[in-house]
Undergrad: 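Questions regarding the structure given below will be posed in turn.
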Amino acid sequence: MLMEVGLPVDRLTQSAAPRPGVGIVHLGLGAFYRAFGAVYVAEAMAASGGDWGIVGVSLKNPATRDAPTPQNWAYTSVTLAENDESTKVIDVLENVLVAPENPAAVLEAMADPGVRIVSLTVTEKGYCHNPATGVLTVDHPDIAHDLQQEMPRSAPGFLVRALARRRAAGVPPFTVLSCDNLPENGALVRQIVLDFAHLIDPSLAQWLGENGQFPATMVDRITPATTSPDIARVTAVTGLYDSAPVLHEPFRQWVIEDNFVRDMRPDFNAVGVEMVKDVSRFEQMKLRMLNGSHSALAYLGYLAGHETISDTVADPAFAAYVRQLWAEIMPVVRAPQGFDLQVYAQALMERYANPKIRHRTWQIAMDGSQKLPQRLLGSLEANIAAGKPVPGLCLAVAAWMYYVGGIDQTGQPIDVKDPMAEKLRAISDASTTPADKVAALLSLSEIFPTELAENLKAPVTEAAEFLWAQGARQAALQVVA
Ligand code: CS2
C-alpha cells in the first residue's frame, strides 16, 4: 500500500498517550461517523476527560477494519474550505470489529458495563423498517434470521440481543443514539427495538420501555466517500501515509435530545453540540431543506451528466432550480427558534458550491427508496394539503423515477444502488410510457402512501413527460421559468 503513493513515507500511528476506557460502541463505522461523531467525542474527552473511547463496528465490510489496522485506527480528518485546508489526527477508536466475522465479540463489547452509549450510522435501510410507516419489517431476511438466532446480522438484532444480555446480568441498558437521517430517529429506533424485543420476550420489551433511552439527533456534515486520489493527496500534505483519512466540509451541526440513561454521556456541551429538549424542528429543517435538495440535485445532476453536487450547482439551470425547490419547501418547514430559513438556504448554497468537496451525485442517489419519504414526500404532502403547486418537488420525484430505470439520457447503464433496485428496474422495464412508469412506481406503498400517490399522479406525470422528452437540464429550466 505504501508504494501506492510512490514515497518512502511513514505511516500515521496511534499516540503513545494512556488510553481512555471504552464507553461507546458505534455500529456502522463509515466516513461520516469518523468525520463527525468521533471528532466530537475526541474533542469532548480532550476538554473534560471521561472514558469515552470508541469501539467501531462494521456491519458488513472488513475493509473498514483491515486498511487502518496497522495505524491502530487513528486517522486524519481533513477540513476542506474553499480556500483553506487543515488536518487533524483523530485518535479515539480503541478497536474495530467486523460483525459478520464475529458477532459474539460485538455482543460482548455492547454488553460490557463500561459501555454506556451505542450509537448508530447504519443508513436508512439499516433499520430494516418500512420507510412509509416506520414499522419494523418482520419478514426482512435479516430480521427473520435474528428473531430466530442468538447471533444477529442486523442492527436491530444486535441492539436487542445485547440489551437482553445486560438485563440478564443486572446491568442498565446503554443509551441508543441514532445518528441517521431519519425522521424522529430516536422514536423510530425505540419502536423498532421494542417491537423486536416484544417478539422474543415481552418482559424484555417492558424493561426497555421503562429503562431505555433513545434520544433523537440531528446530524449534519457533508462527507463524501474517500477515494484513492484523496489518500495520496493527504499523504502529500501531512507527510504520513494514512489508508483511511476522512475529507469533509468545515460546517458541522449536531443537535441531541438530552436524554441519556443516568445522564451518562461525553461533555458534548463543551464542544458545541446543541443539547436540547426537542430536536424535531432542527431535524425537519435539515431533512427537508438539505437532504431533500441534495437528493433532487443528485438525480437531476446525474442525469445531466454532472459528477458532483458542486458541478451541478455551478450550472445556472440547477442553481436556479434548487432555489425554486427551497421556495417550495420553506413554507412547510417549522424553523427552530432563532433560525431564518432564507439564511439557512443561502448557507446551503455556499456549502454545495464548495468545489473542494467532491460529493458525487451517484453517492447521494443511493437508496432513494429509503430516502424519498422523509426528504421529499413530507414536503409534497404538506404543500398539496395547502393546495400549493410544487413543480420543483414533482420534478425531483420524476427524476428519481427516471434514474431507477437504470439507463441515463445518453443510453448508458446506471449502477443503481438501492435495496429495491431490482423491483424498481422490473417495474420500469414493464411500462413503456412515462405515464405508465409514474403510475406503476407510485403504487409502491412502502414508499408512497396511497392518498399521496393519488395526488401526485397528475403533476409527477407532467414532470416526467417533460423530463423524458427534454432532459434534466431543460426540465429544471422549465420549473423556474
Ligand atoms: C446525503 C447526506 O448521501 C446523502 O444522502 O444527502 O449524506 C448528507 O451529505 C448529509 O446528511 C449532510 O449532513
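What you are looking at is a predicted structure, and each value in this text was computed from that prediction instead of being measured. Numbering starts at 1 and runs along the sequence shown. All values below were derived from every heavy atom in this structure, side-chain atoms included, with hydrogens, water molecules and symmetry-related copies excluded. Every number for a ligand or one of its atoms is a count from 1 in the order of the listing.
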Undergrad: Take Trp468 and Tyr402, measure what ring pair (Phe, Tyr, Trp, His ring centres under 6.0 Å) needs, and give me the verdict at the end.
TA: CA-CA 8 Å; Trp468 261 258; Tyr402 195 125; 4.7 Å; yes

Undergrad: Tell me which protein heavy atom sits closest to atom 6 (O) of ligand 1, plus the residue, atom name and distance to 0.1 Å.
TA: His294 ND1, 2.8 Å

Undergrad: Select one of side chain, backbone, both or neither to describe which atoms of Asn181 lie under 4.0 Å from any atom of ligand 1, heavy atoms only.
TA: side chain

Undergrad: Distance under 4.0 Å to a non-hydrogen atom of Lys371: what atoms of ligand 1 satisfy this?
TA: 3 (O), 4 (C), 5 (O)

Undergrad: Taking the six-membered ring of Phe36, is NZ or CZ of Arg221 closer than 6.0 Å to its centre and within 45° of its axis?
TA: no

Undergrad: Using the ring of Tyr40 (Phe, Tyr or Trp, six-membered ring only), decide whether Arg252 places NZ or CZ under 6.0 Å from its centre and within 45 degrees of its axis.
TA: yes

Undergrad: Classify the ring geometry of His26 against Tyr33: parallel below 30°, tilted from 30° to 60°, perpendicular beyond 60°.
TA: parallel

Undergrad: Distance under 4.0 Å to a non-hydrogen atom of His359: what atoms of ligand 1 satisfy this?
TA: 9 (O)

Undergrad: Could you find the nearest protein heavy atom to atom 2 (C) of ligand 1 and give me its residue, atom name and distance?
TA: Asn291 ND2, 3.6 Å

Undergrad: Suppose we measure from atom 12 (C) of ligand 1 to each protein heavy atom; which comes out shortest, and what is that distance?
TA: Asp220 OD1, 3.3 Å

Undergrad: Does Thr175 reach the main-chain N or O of Pro215 with its side chain, forming a donor-acceptor pair under 3.5 Å?
TA: no

Undergrad: Could you check whether the rings of Phe260 and Phe268 sit parallel, tilted or perpendicular, using 30° and 60° as the cut-offs?
TA: tilted

Undergrad: Would a line drawn from the ring center of Tyr352 to the ring center of His294 be shorter than 6.0 Å?
TA: yes

Undergrad: Take every heavy atom of Met366, measure it against each atom of ligand 1, and state whether any distance is under 4.0 Å.
TA: no

Undergrad: Which protein non-hydrogen atom lies closest to atom 10 (C) of ligand 1, naming both residue and atom, and how far is it?
TA: Lys286 NZ, 3.7 Å

Undergrad: Heavy-atom pairs closer than 4.0 Å: do any link ligand 1 to the side chain of Arg375, the backbone, both, or neither?
TA: side chain

